[in-house]
Amino acid sequence: IEIGKFFVGMAPINVNAWTELPNGAADTNVKNDSAIATLKGSKLNGSYTVGGAGAQFPTLEAAAAAALDRGVCGPVVFKIADGTYTSSVDLYQPIEGASAINTVTFESASHDSTKVMIVRHYSYSSFSISSDHIIIKGLGFLDTLKLSSTTYSIQFQKAAKNNAVTNCYFKCWIGKQ
């Protein structure tokens, strides 16, 4: 039975289905006549805006969560609007569909690493990357914590490979309290 066709866009869609009068008779067990499913948004492919007015993703965390939850089916570029972001992005698992061709890039929309500043002041790292084929491009990183323990602006872990960091600006505190 084809009920209809629809496009699953950016936001997840809840689908509810139920029966009425199965086989033309009254339903004697109404507890087993329905199903509920949540369809994820479509896989990511192309360029998306992050931050600023009218952005497709309000935060870096939201953009990363979409990549992790939905996967990719082509190269993806998250273009980050100029501004200061207090962020802790955790790409804790492989992104489905990411490859040498289908990379996931986080880059400054203005291509100026001093205009997009990622501030880490409440977590272990600004970007924690366990995924492959991630590109960090033209972003600025500012460390405001003055900790004696080891912290990172970008941390690659769990054998993350085929990743790149290019044209970034780092301003970190060095020393002990």
Hey, quick one: are [X] and [Y] part of the same hydrophobic cluster, counting side-chain heavy atoms closer than 4.5 Å, chains of contacts allowed?
X      : Y      : value
Tyr48  : Val50  : yes
Leu60  : Leu68  : yes
Ile80  : Val165 : yes
Tyr92  : Ile135 : no
Leu142 : Tyr169 : yes

Salt bridge (charged side-chain N to carboxylate O under 4.0 Å, His left out) partners for Lys43, two or more places apart = Glu96
Taken in chain and number order and not counting sequence neighbours, the residues that satisfy salt bridge (charged side-chain N to carboxylate O under 4.0 Å, His left out) with Asp90 are none
Could you work out, with side chain to side chain contact (heavy atoms under 4.5 Å, CB included) as the rule, every residue matching [X], not counting sequence neighbours?
X      : answer
Asn23  : none
Asn45  : Cys73, Pro75
Ala66  : Leu44, Phe57, Arg70
Asn163 : Ile129, Ile134, Phe156, Ala160

Residues in side chain to side chain donor-acceptor pair (under 3.5 Å) with [X], at least two apart?
X      : value
Ser110 : Asp82, Ser108
Asn102 : none
Asn162 : none

Out of curiosity, Thr103 OG1 to Asp132 CG, how far, rounded to the nearest 0.5 Å?
-> 12.0 Å
With the side chain counted from C-beta on, respond yes when [X] and [Y] share a heavy-atom pair under 4.5 Å apart, and no when they do not.
X      : Y      : result
Ser113 : Asn167 : no
Ile136 : Cys168 : yes
Phe106 : Leu91  : yes

Residues two or more places apart in sequence or in another chain: which of them pass ring pair (Phe, Tyr, Trp, His ring centres under 6.0 Å) with Phe170?
-> Phe141
N/O donor-acceptor pair under 3.5 Å between [X] side chain and [Y] backbone:
X      : Y      : value
Gln157 : Ser130 : no
Ser99  : Ile101 : yes
Thr49  : Gln56  : yes

Give every residue pair that meets the salt bridge (charged side-chain N to carboxylate O under 4.0 Å, His left out) criterion with at least one member in residues 97-109, sequence neighbours excluded.
-> Lys79-Glu107, Glu107-Lys137
Provide the closest heavy-atom pair for Gly51 versus Ala81 in the form atom of the first, atom of the second, distance.
-> O-CB, 3.6 Å
